[in-house]
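Quick note on labels: first sequence line is chain A, next is B, and so on, each numbered from 1.
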Number of protein chains: 2
Amino acid sequence: MRESVGNAPPPDTPTPGRPRRFDTAAVLESALELFWKRGYHTTTTRELERYLGVNQSSLYNVFGTKQALLDAALDRYETLTTGALLGPLEDSESGLQAIEKFFSDLAHWVTRDGRRGCMLINMMAEDGTATESIKRRTRDYRKRVKLALKDSLQRAVANGEVAVDDLDQRASLLLGMVLGYNIAARGGASKQELQALLGAVNAQLSSWRCAQA
Amino acid sequence: MRESVGNAPPPDTPTPGRPRRFDTAAVLESALELFWKRGYHTTTTRELERYLGVNQSSLYNVFGTKQALLDAALDRYETLTTGALLGPLEDSESGLQAIEKFFSDLAHWVTRDGRRGCMLINMMAEDGTATESIKRRTRDYRKRVKLALKDSLQRAVANGEVAVDDLDQRASLLLGMVLGYNIAARGGASKQELQALLGAVNAQLSSWRCAQA
DNA sequence: TAATTTATAAAGCATATGCTTTATAATTGC
DNA sequence: GCAATTATAAAGCATATGCTTTATAAATTA
C-alpha cells in the first residue's frame with residue numbers, strides 16, 4: 001500500500017477495481033497542514049477524517065497507520081522546506097546575504113497562517129515519546145541547517161565579506177537562533193518578540209561584516 | 001480544596017476526620033517530575049496514580065483537576081527555577097560572569113536525569129492547545145529571562161566589562177539561545193551538539209568583553 | 001460510645017482513541 | 001453480462017481517558 005502513495009493522477013494503464021475518489025497528494029498536503037498546526041498526538045484520526053474529507057478506512061488503506069501518515073507528511077514537509085528555505089540557502093552563491101535571506105524567509109515560513117513554527121522543530125519538542133524515525137529526522141535537520149549556515153559563512157569568508165576563523169561556533173550560534181525563533185513562534189510570542197529575535201540575528205550578522213565589504 | 005495545597009505537615013490544631021496519608025508537597029514534587037519528563041498531555045491520570053502512589057480520587061480531592069495539578073506543579077517549578085537559575089542571575093552583582101554562570105547552570109538544569117529541557121519552555125511547544133494560563137506563564141517567563149539578561153548586561157557595562165549600546169538586541173540574542181538550547185536538549189541532541197551551542201554562547205560573551213577587563 | 005468529618009480504594013461512567021470489519025459500490029478484463 | 005478487483009461508508013472493537021461515585025476506614029468532638 002505504501003508504495004502507491006503519491007500516485008494521485010491515475011496511471012496510463014488503468015488499474016482494475018473501483019477507482020480512488022480522492023487525490024492522494026492533495027490529501028497528504030492537508031494531513032501535513034493539520035499535523036503542522038496541531039501537532040501529532042493532538043491530531044486524532046477522526047479529525048483527519050473530517051478535515052481531509054476521507055473515510056478512516058480509506059486513509060488506512062492508503063497510508064497504513066497514523067504514524068505512517070505522519071512519516072509521509074514529513075517527507076512532503078522536507079520537500080517543501082527544502083524548496084522554500086534550505087534549498088535557496090544551500091544553493092546560493094552569496095554568503096551573508098544568503099543567511100539574511102534565510103532568516104527572513106524563516107520568519108515568514110514560521111508565522112504564516114496563524115503561527116505554526118517549523119514542523120520538524122515542533123517535533124523535537126512535542127513530547128518525550130518520539131519515534132526513532134522522528135529522532136533521526138530531527139537530528140539530521142539540525143545537522144543540515146547548521147552545515148548550510150556554516151557553508152554560507154565559508155562563502156562569506158571567501159568573498160571577503162567577513163573575516164573570522166571560528167566558523168563552526170558562529171554556525172552553532174545561528175542554529176541556536178533558528179531553534180529559538182521557532183519555539184518562540186510556536187509558543188505564541190508576539191510580533192514584537194519575534195521581531196526582536198530577528199533583529200538580534202541581523203545585528204549579529206552585520207557585526208561580522210567587514211568594513212570594506 | 002485548592003487552598004489546602006501544600007499543607008504537607010499537619011497543622012498544630014489537628015483537623016477532624018481521617019488524616020491524609022500522603023505528603024502533599026512530596027506528591028506535588030513527583031507530579032512535577034512526571035509532567036516535566038513526559039509533558040502534560042502524554043501524562044495520564046493513571047500514570048500519576050501509579051507514579052505518585054496516590055489514588056486518583058485522593059488526587060482529585062486535593063488538587064481538583066489534572067490542569068489544576070499542572071498549575072500547582074508549575075508554581076512549584078517557578079520556585080525551583082528561580083532558586084536554581086533565575087534568582088542567582090537576577091541577584092548577582094556581577095555582569096558577564098553572572099551570565100556565564102547562568103548558561104552553565106542552565107546546561108545542568110536542562111540535561112539532568114536524562115535530558116528533560118526547561119519545563120516552561122517545553123510548555124511553549126507541547127502543542128497548539130495551550131491554556132490561557134499556560135500562555136501567560138510562558139510569555140512572562142520569556143520576558144523575565146530577557147530582562148534578567150539585559151540587566152546583567154547593564155551591570156557589565158556599568159562595571160566596564162563591556163562597552164556596547166544595543167543592550168536590548170544582545171539580550172534578545174541570548175534569550176534566543178536559551179530557547180534554542182532547551183529545544184535541542186528536549187529533542188535529544190547529543191552532548192556534542194549541546195556543547196557546541198553552549199560554546200557558541202560563551203564565545204559570544206567573550207567577544208563582548210573589553211580587552212582591558 | 002455516638003455522631004461527625006475527612007480520606008481512601010475500587011469500581012464505574014461517558015466519551016474518545018487508533019484501527020478493523022462488514023457490506024456494498026464502482027471499475028476492470030473477459 | 002460475469003467474475004475479479006479495489007474503494008468506500010458505516011458500524012464495530014478493544015482499550016484508554018479524565019473524572020465521579022460508592023462503600024468503608026480512620027480520625028475528630030462530645
Side-chain angles (χ1 to χ4, degrees), chain A residues 1-5 7-28 31 34-35 38-73 126-127 129 131, chain B residues 1-5 7-28 31 34-35 38-73 126-127 129 131:
Chain A
M1 313 257 159
R2 194 64 182 64
E3 64 275 10
S4 73
V5 166
N7 62 351
D12 299 12
T13 29
T15 50
R18 181 175 174 174
R20 198 164 290 150
R21 245 161 91 131
F22 58 90
D23 179 344
T24 319
V27 155
L28 185 59
L34 206 53
F35 281 139
R38 312 225 329 107
Y40 175 71
H41 281 101
T42 39
T43 302
T44 71
T45 53
R46 262 83 174 181
E47 266 181 301
L48 286 164
E49 182 173 49
R50 272 198 306 276
Y51 189 77
L52 312 190
V54 172
N55 190 277
Q56 278 197 69
S57 60
S58 301
L59 223 47
Y60 274 80
N61 278 341
V62 174
F63 294 100
T65 65
K66 193 185 166 192
Q67 264 292 339
L69 178 56
L70 175 70
D71 261 349
E126 177 147 330
D127 58 51
T129 68
T131 321
Chain B
M1 316 252 158
R2 196 61 183 62
E3 64 274 12
S4 72
V5 167
N7 62 349
D12 298 11
T13 31
T15 49
R18 180 175 176 174
R20 199 164 289 150
R21 245 163 94 135
F22 59 89
D23 180 344
T24 319
V27 156
L28 185 58
L34 206 54
F35 280 139
R38 314 227 323 110
Y40 176 69
H41 281 102
T42 37
T43 302
T44 70
T45 53
R46 262 83 172 181
E47 265 182 300
L48 286 165
E49 181 172 49
R50 273 197 305 277
Y51 189 75
L52 312 191
V54 172
N55 189 276
Q56 278 198 71
S57 60
S58 301
L59 223 46
Y60 273 80
N61 278 340
V62 174
F63 295 100
T65 65
K66 192 185 166 193
Q67 264 291 338
L69 178 56
L70 175 70
D71 260 349
E126 176 148 330
D127 58 49
T129 68
T131 322

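- Spacing between atom CD of A:Q56 and atom P of C:dA16 amounts to 14 Å, rounded to whole angstrom units.
- Between B:F22 and B:V62, the closest side-chain pair of non-hydrogen atoms falls below 4.5 Å.
- Across C:dA26, C:dT17, D:dC19, the shortest atom-to-atom separation from the side chain of A:R46 is found for C:dT17.
- Using a 4.5 Å heavy-atom threshold, the side chains of A:L28 and A:L69 count as touching.
- Checking D:dT28, C:dC19, C:dA9 against the side-chain heavy atoms of B:S57 singles out C:dA9 as nearest.
- The listed nucleotides are D:dC19, C:dA7, D:dA7; the one nearest the side chain of B:R18 is C:dA7.
- One can place CG of B:N55 at 12 Å from C1' of D:dT21, the figure rounded to the nearest angstrom.
- Within the 4.5 Å cutoff, side-chain heavy atoms of A:L48 are placed close to those of A:F35.
- Between A:E49 atom CD and C:dT20 atom P the separation is 15 Å, expressed in whole Å.
- Residue-to-nucleotide proximity on DNA chain D shows that, of A:P16 and B:T43, the 5′-proximal contact is made by A:P16.
- Mapped onto DNA chain C by nearest heavy atom, A:Y40 and B:P19 fall at different nucleotides, with B:P19 at the one closer to the 5' end.
- Formation of a donor-acceptor pair under 3.5 Å by the A:E126 side chain with backbone atoms of A:H41 is found in this model.
- If you check every strand for non-hydrogen atoms under 4.0 Å, B:T44 touches sugar and phosphate atoms only.
- Between the A:K66 side chain and the A:T44 main chain, no donor and acceptor come within less than 3.5 Å of each other.
- Atom-to-atom, CG of A:N61 to C1' of C:dC19 comes out at 11 Å; the value is rounded to the nearest Å.
- Dashed line: the shortest gap from a side-chain N or O of B:S58 to OP1 or OP2 of C:dT8 is under 4.0 Å.
- Counting to the nearest Å, the P atom of D:dA16 and the NZ atom of B:K66 are 15 Å from each other.
- In this structure, A:F63 places its CZ atom 15 Å from C1' of D:dT8, rounding to the nearest Å.
- The separation between A:L59 atom CG and D:dA9 atom C1' is 14 Å, rounded to whole Å.
- Between A:Y60 atom OH and D:dT8 atom P the separation is 16 Å, expressed in whole Å.
- Where B:T45 and B:G17 each meet DNA chain D at their nearest nucleotide, the meeting point lying more 5' is that of B:T45.
- Dashed line: the shortest gap from a side-chain N or O of B:R20 to OP1 or OP2 of C:dA7 is under 4.0 Å.
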